[in-house]
Participant: 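Handing you this structure, nothing more for now.
One is the number of the first residue; the rest follow in order along the sequence. For clarity, every value in this text was computed on a predicted model and none was experimentally measured.
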Amino acid sequence: MSTASSFDYGMPSALTNDTLPVAFDDPTSDHGAPRSTLLVVFLTLQIAGSHVLLPFLLGTFWFTSAKRNVTLTNLFVCFTLTGVVMCILLYGNQYRPTAPDPAWCKAQAALSFAVAPMDSMAVLCVLYHVWNSLRIAHGGREFKSMFANVLAKIPAIAPYLVGLAFGTAGVGEVHRDPASAKLRQDVLFFCTLPDGPYALSTTIATAIPLVVSLYFIASITITLVKRTRTRDRSSTATLVNMDVAFISRIVLYGAYVVLGVVLTALSAFFSTPAPDIFSATIPVFLAVLFGSQKDVLQAWRRIVFRTGPTDEKDAWTLV
């Protein structure tokens with residue numbers, strides 16, 4: 001089906017009342033909210049964040065002077081890929097009265113469990129990079145051995161290795177039992193595989209990096225608060241010249257990670273769409289958080305208006 005015919009008044013035709021899944025005939029979900037409304041919110045956030053805003057920011061980082069560390073661009077790439085996976089049924093116009101086509105459902109189910117561990121690892125790699133940069137900037141030892149150089153490459157590839165491993169395992173699960181790929185019945189957002197060892201392993205692999213991230217968040221926050229009170233001018237890093245905006249970004253980013261940990265834990269005990277809606281907000285949140293930096297806004301101003309001052313990178317740019 002042509003993608004051009006999938007849109008009506010700016011929204012996918014898959015979201016109109018006559019193409020919703022059978023379960024949407026029941027006007028409310030088990031959680032009291034209209035299922036169709038939840039689906040519209042979920043897909044709108046996914047499209048806005050992972051299909052528009054994050055790719056636009058990635059282009060800014062790659063093709064303008066507003067460069068960023070690879071761990072941050074990886075984070076954007078991972079959540080962009082997540083958005084693509086979460087919208088597979090939308091691409092195939094599968095939100096309809098009948099059940100989704102098995103081929104589309106199996107494709108999404110094979111990958112839907114793999115993206116959460118990948119995103120979680122990408123979050124951890126960004127926080128580790130910030131933590132390590134602060135540590136070195138404030139007198140910590142910088143290891144330069146060959147082994148250390150190899151280890152330094154791990155944060156750049158770890159998210160993709162995790163995603164590839166769990167994605168391959170998901171394909172294996174679908175191949176072993178094709179009938180297991182079904183539309184998730186509690187929220188009807190996407191197709192998944194049933195609970196079992198594979199699903200449990202992805203939950204654990206998602207939770208562990210998020211929990212470890214809490215240490216880095218606490219350490220970064222403590223370091224930044226101390227340095228705002230006593231500026232160490234002997235440091236060679238830009239991060240020492242911190243401002244309120246920088247600390248606010250760290251706190252907001254950390255708060256989102258903590259919320260992700262809480263919702264991940266709750267989803268293990270309660271059937272709720274909250275983790276899925278939350279995950280759909282992350283690309284938009286990241287785009288606003290990192291797209292509001294001074295040098296990024298200046299890059300956009302130069303592109304759109306052909307004017308603007310010379311690049312002035314803020315503290316967060318080191319990330």
Participant: Output yes when a side-chain donor or acceptor of T64 lies under 3.5 Å from a complementary backbone atom of V296, and no otherwise.
Facilitator: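 Checking the backbone N and O of V296 against the side chain of T64, no donor-acceptor pair under 3.5 Å is found.
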
Participant: Answer yes or no: is there a donor N or O on one side and an acceptor on the other, between the side chain of K182 and the main chain of L193, under 3.5 Å?
Facilitator: no

Participant: With a 4.5 Å limit on heavy-atom distance, are the side chains of V212 and L127 in contact?
Facilitator: no

Participant: Give the C-alpha distance, both sets of side-chain angles, the deciding distance and a yes or no for side-chain contact (heavy atoms from CB on, under 4.5 Å) between L297 and K294.
Facilitator: CA-CA 5 Å; L297 295 176; K294 186 181 299 183; 6.0 Å; no

Participant: Enumerate donor-acceptor pairs with a distance under 3.5 Å from any side-chain N or O in residues 48-56 to protein atoms, sequence neighbours excluded.
Facilitator:
unit_1 : atom_1 : unit_2 : atom_2 : d
S50    : OG     : Q46    : O      : 2.4
H51    : ND1    : Q46    : O      : 3.4
H51    : NE2    : Y91    : OH     : 2.4

Participant: Just by modelled atom types, is the C105 backbone N or O under 3.5 Å from a matching donor or acceptor in the Q94 side chain?
Facilitator: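 No.
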
Participant: Without swapping roles, check the side chain of S120 against the backbone of A116 for a donor-acceptor pair under 3.5 Å.
Facilitator: no

Participant: Looking only at non-hydrogen atoms, find the nearest pair between T202 and A199 and report the distance.
Facilitator: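 Closest heavy-atom pair between T202 and A199: OG1-O, 2.7 Å.
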
Participant: List the atom of V70, the atom of T73, and the distance in Å for their closest heavy-atom pair.
Facilitator: O-OG1, 2.9 Å

Participant: Below 4.5 Å, heavy atoms only, C-beta onward: do L124 and L210 meet side chain to side chain?
Facilitator: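 SC-SC contact between L124 and L210 ruled out.
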
Participant: Could you tell me the separation between the CZ atom of F42 and the CE atom of M86, rounded to the nearest 0.5 Å?
Facilitator: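 Atom-to-atom, F42:CZ and M86:CE are 6.0 Å apart.
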
Participant: Pairs of donor and acceptor atoms involving the side chains of residues 159-174, under 3.5 Å and at least two apart or interchain, shall be tabulated with distances.
Facilitator:
unit_1 : atom_1 : unit_2 : atom_2 : d
Y160   : OH     : N74    : OD1    : 2.7
T168   : OG1    : L164   : O      : 2.7
E173   : OE1    : R176   : NH2    : 3.0

Participant: Would you mind reporting whether F189 and L38 have side-chain heavy atoms less than 4.5 Å apart?
Facilitator: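 Heavy-atom side-chain distance check passes, below 4.5 Å.
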
Participant: Tell me, which pairs form a salt bridge (Lys or Arg N to Asp or Glu O under 4.0 Å) where one or both residues lie in residues 100-119, sequence neighbours left out?
Facilitator: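 Every pair satisfying salt bridge (Lys or Arg N to Asp or Glu O under 4.0 Å) with a residue in residues 100-119: there are none.
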
Participant: Donor-acceptor pair, distance only, cut-off 3.5 Å: does the side chain of S219 make one with the backbone of Y215?
Facilitator: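 Side chain of S219 to backbone of Y215: no pair is present.
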
Participant: Can you see which heavy atom on L89 is nearest to which on C191, and at what distance?
Facilitator: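 Looks like CD1-SG, 4.0 Å.
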
Participant: When you look at R68 and D295, which way does the salt bridge (charged side-chain N to carboxylate O under 4.0 Å, His left out) test go after all the steps?
Facilitator: CA-CA 11 Å; R68 293 298 184 270; D295 61 328; 2.9 Å; yes

Participant: Which residues pass the side chain to side chain contact (heavy atoms under 4.5 Å, CB included) test with L45, not counting sequence neighbours?
Facilitator: V41, A280, T281, V284

Participant: Exactly one of L39, L111, D276 should register a side chain to side chain contact (heavy atoms under 4.5 Å, CB included) with F190. Which one does?
Facilitator: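 It is D276, the one option of L39, L111, D276 that forms the side chain to side chain contact (heavy atoms under 4.5 Å, CB included) with F190.
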
Participant: Within a strict 4.5 Å, meaning less than it, do heavy atoms of the L286 and I282 side chains meet?
Facilitator: yes

Participant: Among residues at least two apart in sequence or on other chains, which ones pass ring-ring contact (aromatic ring centres under 6.0 Å, His included) with F76?
Facilitator: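 By the ring-ring contact (aromatic ring centres under 6.0 Å, His included) rule, F76 matches F61, F290.
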
Participant: Is there any ring-ring contact (aromatic ring centres under 6.0 Å, His included) pair reaching into residues 96-127, and which pairs are they, with sequence neighbours excluded?
Facilitator: F113-Y198

